[in-house]
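Heavy atoms only: backbone and side chains are in, while hydrogens, waters and symmetry mates are out. Model, not experiment: these values are computed from the prediction.
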Amino acid sequence: MAQWNPLHDLVSLQDRMNRLFEDASQRRAAEADASDEVEGADWYPAADVFENESEYTVAVDLPGIDRATLDISVDDNRLAIRGNKPGLGTTQHRVECPRGKFLRTFSVPASVDQNDIKAEYKDGVLHVHLPKRPERKPQRVEIKVS
């Protein structure tokens, strides 16, 4: 009877996951080449989404980004955050921080007042505030029968 080797199973699983992601990346690249609507991105910054009673907040980690290069827009109930983090232009001995074009998109709920969206960029974190519309409370309407 063969002895079970959990390390072998983990390595095998990792290989399968790597192939899955490579296949998905290749399909996405092919779709991007075929469609002018899809904008390619070199990297996708980390983001958190919070909600309280009055608003949603999207916090995106963008260290080292010049605020003048940020493009934030809402179109068709989609919040898009675009920008570019240029390379340093010097000889690099280790590169761990992403460079190039980035893009993050988020669905905007119908309850958001899109005319009052605000953004602030401080300490390398972009906060986009999406205020909620005041809810209309249901009211009873009496209908008379004639």
If you look at every heavy atom in [X] and [Y], which pair is closest and at what distance?
X	Y	result
N84	F102	N-CE2, 3.5 Å
L62	W43	CD2-CH2, 4.3 Å
R104	P45	NH1-O, 2.6 Å
D42	G100	OD2-CA, 3.4 Å
C97	K85	CB-NZ, 4.2 Å

- Sorted by first residue and then second, give each side chain to side chain donor-acceptor pair (under 3.5 Å) pair with at least one member in residues 60-75; sequence neighbours left out. none
- Task: Verify, without hydrogens or angle tests, whether Y56 (side chain) and P109 (backbone) share a donor-acceptor contact under 3.5 angstrom.
- Result: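 Not confirmed, Y56 side chain does not pair with P109 backbone.
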- Task: Verify, without hydrogens or angle tests, whether Y121 (side chain) and L70 (backbone) share a donor-acceptor contact under 3.5 angstrom.
- Result: no
- Taking atom CG of L79 and atom CD1 of I117, what is their separation to the nearest 0.5 Å?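 These two atoms lie 6.5 Å from each other.
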- Task: Look at the side-chain heavy atoms of Ile, Leu, Val, Met, Phe, Trp and Tyr, link any pair under 4.5 Å apart, and say whether V125 and V49 land in one connected group.
- Result: no
Acceptor/donor pairs from residues 126-133 side chains to any protein atom, 3.5 angstrom cut, sequence neighbours excluded:
unit_1: H129; atom_1: ND1; unit_2: E55; atom_2: OE2; d: 3.0
unit_1: H129; atom_1: NE2; unit_2: E120; atom_2: OE2; d: 3.2
unit_1: K132; atom_1: NZ; unit_2: E51; atom_2: OE2; d: 2.6
unit_1: K132; atom_1: NZ; unit_2: N52; atom_2: O; d: 2.9
unit_1: R133; atom_1: NH1; unit_2: A110; atom_2: O; d: 2.7
unit_1: R133; atom_1: NH2; unit_2: V112; atom_2: O; d: 3.4

- Check side chain to side chain donor-acceptor pair (under 3.5 Å) between S107 and all other residues, then give those that pass, not counting sequence neighbours.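 Testing S107 for side chain to side chain donor-acceptor pair (under 3.5 Å), a comparison that skips the adjacent residues, returns R78.
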